[in-house]
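Computed from heavy atoms alone, side chains included, the values below leave out hydrogens, waters and symmetry copies.
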Amino acid sequence: EAFCKRRILQPVVHDDDGLEGRLQSALSLARTCSAHLQLLQIIPFEAYTVIDAHVSFVSPQIVEAVKEQAAKLRTSLEAHLRMEDVSWSY
C-alpha cells in the first residue's frame with residue numbers, strides 16, 4: 001500500500017478490444033489505493049498525416065471524423081464512469 005499514489009493516469013487512444021480491460025484495471029487500482037482516476041484522451045493526428053519531401057498534410061475531413069469518434073468514445077466512457085464508485089475526471 002505504501003507504493004500507491006493518489007492519482008492514476010489512464011491514457012485513452014481509441015476504442016479497441018483492450019480498452020475495457022485497461023479501464024477495469026485502472027478502476028481496480030483506483031479503488032484499492034483510494035485514488036482519483038484521470039483519463040487522458042490522445043488523438044494521434046500524425047497517424048493520419050501525409051508527408052512528402054516538402055510538406056505534411058492532414059485532411060480536414062479526416063480531422064473532423066477523428067474528433068467525432070473521440071467525442072463519441074468520451075461520451076460513452078463518461079457514462080460508464082458515472083456508474084463506478086471511484087473519483088474520476090476526463
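Considering every non-hydrogen atom in both Trp88 and His36, the closest pair reads C-CE1, 3.3 Å. Nearest heavy-atom pair across Ala35 and Arg7 is CB-N, 4.1 Å. Of all the heavy atoms in Pro44 and Ile42, the pair that sits closest is CD-O, 3.5 Å. Nearest heavy-atom pair, Glu78 versus Tyr90, reported as atom, atom and distance to 0.1 Å: OE2-CB, 3.8 Å. Nearest heavy-atom pair across Asp16 and Leu19 is OD1-N, 2.9 Å. Residue Gln10 comes nearest to Arg22 through the heavy atom pair OE1-O, 3.6 Å, listed as atom of the first residue, atom of the second, then distance.
Linking ILVMFWY residues whenever their side-chain heavy atoms come closer than 4.5 Å, directly or via other members, leaves Leu9 and Leu37 in distinct clusters.
Counting only heavy atoms from C-beta outward, the side chains of Val12 and Leu23 never approach each other to under 4.5 Å. Annotation: side chain of His80 is in contact with side chain of Leu27 (closest heavy-atom distance under 4.5 Å). For the pair Pro11 and Gln41, the minimum side-chain heavy-atom distance is 4.5 Å or more.
Using modelled atom types, no side-chain atom of Ser76 and backbone atom of Lys72 make a donor-acceptor pair closer than 3.5 Å.
Atom CD of Gln61 is separated from atom CD of Glu64 by 9.5 Å, given to the nearest 0.5 angstrom. For the atom pair OG of Ser89 and CG of Leu39, the computed distance is 8.0 Å after rounding to the nearest 0.5 Å.
Under the salt bridge (charged side-chain N to carboxylate O under 4.0 Å, His left out) criterion, Glu20 pairs with no residue, sequence neighbours left out. With sequence neighbours excluded, no residue forms a salt bridge (charged side-chain N to carboxylate O under 4.0 Å, His left out) with Asp17.
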